2 protein chains.
Amino acid sequence: METRIDRIKKQLHAASYKLTPQREATVRVLLDHEEDHLSAEDVYLLVKDIAPEIGLATVYRTLELLTELKIVDKINFGDGVSRFDLRQEGAAHFHHHLVCLECGAVDEIQEDLLEDVEGVVEKRWNFQIKDHRLTFHGICWRCHDRSSQDSPEK
Amino acid sequence: METRIDRIKKQLHAASYKLTPQREATVRVLLDHEEDHLSAEDVYLLVKDIAPEIGLATVYRTLELLTELKIVDKINFGDGVSRFDLRQEGAAHFHHHLVCLECGAVDEIQEDLLEDVEGVVEKRWNFQIKDHRLTFHGICWRCHDRSSQDSPEK
DNA sequence: TAGCACATTATAATCATTATAATTTAAACG
DNA sequence: CGTTTAAATTATAATGATTATAATGTGCTA
């Protein structure tokens, strides 16, 4: 886990930025919540637990910086807020999302799945793909279960 | 073209809404700019040419209404604004987009392309898909051409 | 024509995000 | 060690998109 931060530190240095305490605290929060899709405000509140003096603007700037360096991804699910997500290490492409229309849960798909589709697009539209975003909207397995049987105890 | 508006009128009536002059003007603007991806503000300014007394709030409400009825789609390319796009008639699914990182152009893909992928997702993640969003980021054919040869006359 | 529901307008309010200006930190140098 | 200088941070104000509010208008139905 430490090594993960060290590698991020190197990435920052490679672009001649420093890993300041505030930036480190922000990264730590992201590492501790890899599953979630935190908004800038969420991150801010969580970072305050570690570094209470931090300002909201700094969190925004840090997230912007990390986005630029492709350490995190900025996503937008259509509600008014941007969400931030740590990239899988070594992932060339953005992972996909399943957004449940019922309960609002957001699950992730790490598999690529789009290789074939990308081939078609590159050829047919003569478009050189750098990245992609794919989101499915529908009903997640949890809500399925809930409606088919009477909520079994967890 | 007239028939297109008539059909939209029927869709509204079916949901017990009326096609008021303001709503008609808004729809007309969307029809006249099917290629573009207009923001609410863009639509507002264009509608003012036809119906100068219209208010911004009405445009927002109309676009929201049309989105609800699946007549238009609300998209978000990550810049701060929502954009609105008339659905292809009879399209069950949302069309895809190619966003050029160089010139910012947004092209559309009407083909589905995702049938196979959706089958996999529904089965493997037990997720009942209702809709999807797919956007590719990369370099469009125009920018390709521009950089490989010296801009030929249009 | 009176009553009533729906639409619309102008304006204000809200919320996320970004810019500003003053202050702090810290690396670099002598 | 002090000094200098650039980058980073902070608190706050400003901006810009969107939504809510309250007052007014429109047009059917009886």
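Because the structure is a prediction, the values reported are computed rather than measured. Below, each value reflects all heavy atoms present in this structure, side chains not excepted, and no hydrogens, waters or symmetry copies. So that the names make sense, note that chain A is the first sequence line, chain B the second, and so on, each numbered from 1.
- When rounded to the nearest whole Å, the span between CG of L65(A) and P of dT18(C) equals 14 Å.
- For Y17(A), the OH atom is loosely surrounded, since the number of other residues' heavy atoms within 6.0 Å does not exceed 12.
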Using a 4.0 Å heavy-atom cut-off, write out nucleotides 2-8 of chain C from 5' to 3' as B (base contacted by protein), S (sugar-phosphate only) or - (no contact). -----SB

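- With rounding to the nearest 0.5 Å, the separation of NZ in K130(A) from NE2 in H137(B) is 13.0 Å.
- Close to dT18(C), at under 4.0 Å from its OP1 or OP2, lies no side-chain N or O of Y60(A).
- Atom CG of L38(A) and atom P of dT17(C) are 13 Å apart (whole Å).
- Where L56(A) and L56(B) each meet DNA chain C at their nearest nucleotide, the meeting point lying more 5' is that of L56(B).
- In this structure the side chain of I5(B) never reaches within 4.5 angstrom of the side chain of K10(B), judged on heavy atoms.
- The pair R124(A)-E111(B) meets the salt-bridge criterion, with a side-chain N (NZ, NE, NH1 or NH2) lying under 4.0 Å from an Asp/Glu carboxylate O.
- Ring-plane geometry between H97(A) and H37(A) is classed as perpendicular, the angle between the planes exceeding 60 degrees on a 0 to 90 degree scale with a lower cut at 30.
- Here the range on DNA chain D touched by chain B, meaning any atom under 4.0 Å from one of its heavy atoms, is dA17(D) to dA20(D).
- A chain of hydrophobic side-chain contacts below 4.5 Å, direct or via other Ile, Leu, Val, Met, Phe, Trp or Tyr residues, connects I129(A) to V117(A).
- Within the nucleic acid shown, S39(A) has no heavy atom closer than 4.0 Å to any nucleic acid atom.
- Using cut-offs of 30° and 60° for the angle between ring planes, the F136(A) and H132(B) rings count as perpendicular.
- The salt bridge (Lys or Arg N to Asp or Glu O under 4.0 Å) analysis of residues 65-79 of chain A, with sequence neighbours excluded, yields the pairs D73(A)-R87(A), D73(A)-R133(A), D79(A)-R83(A).
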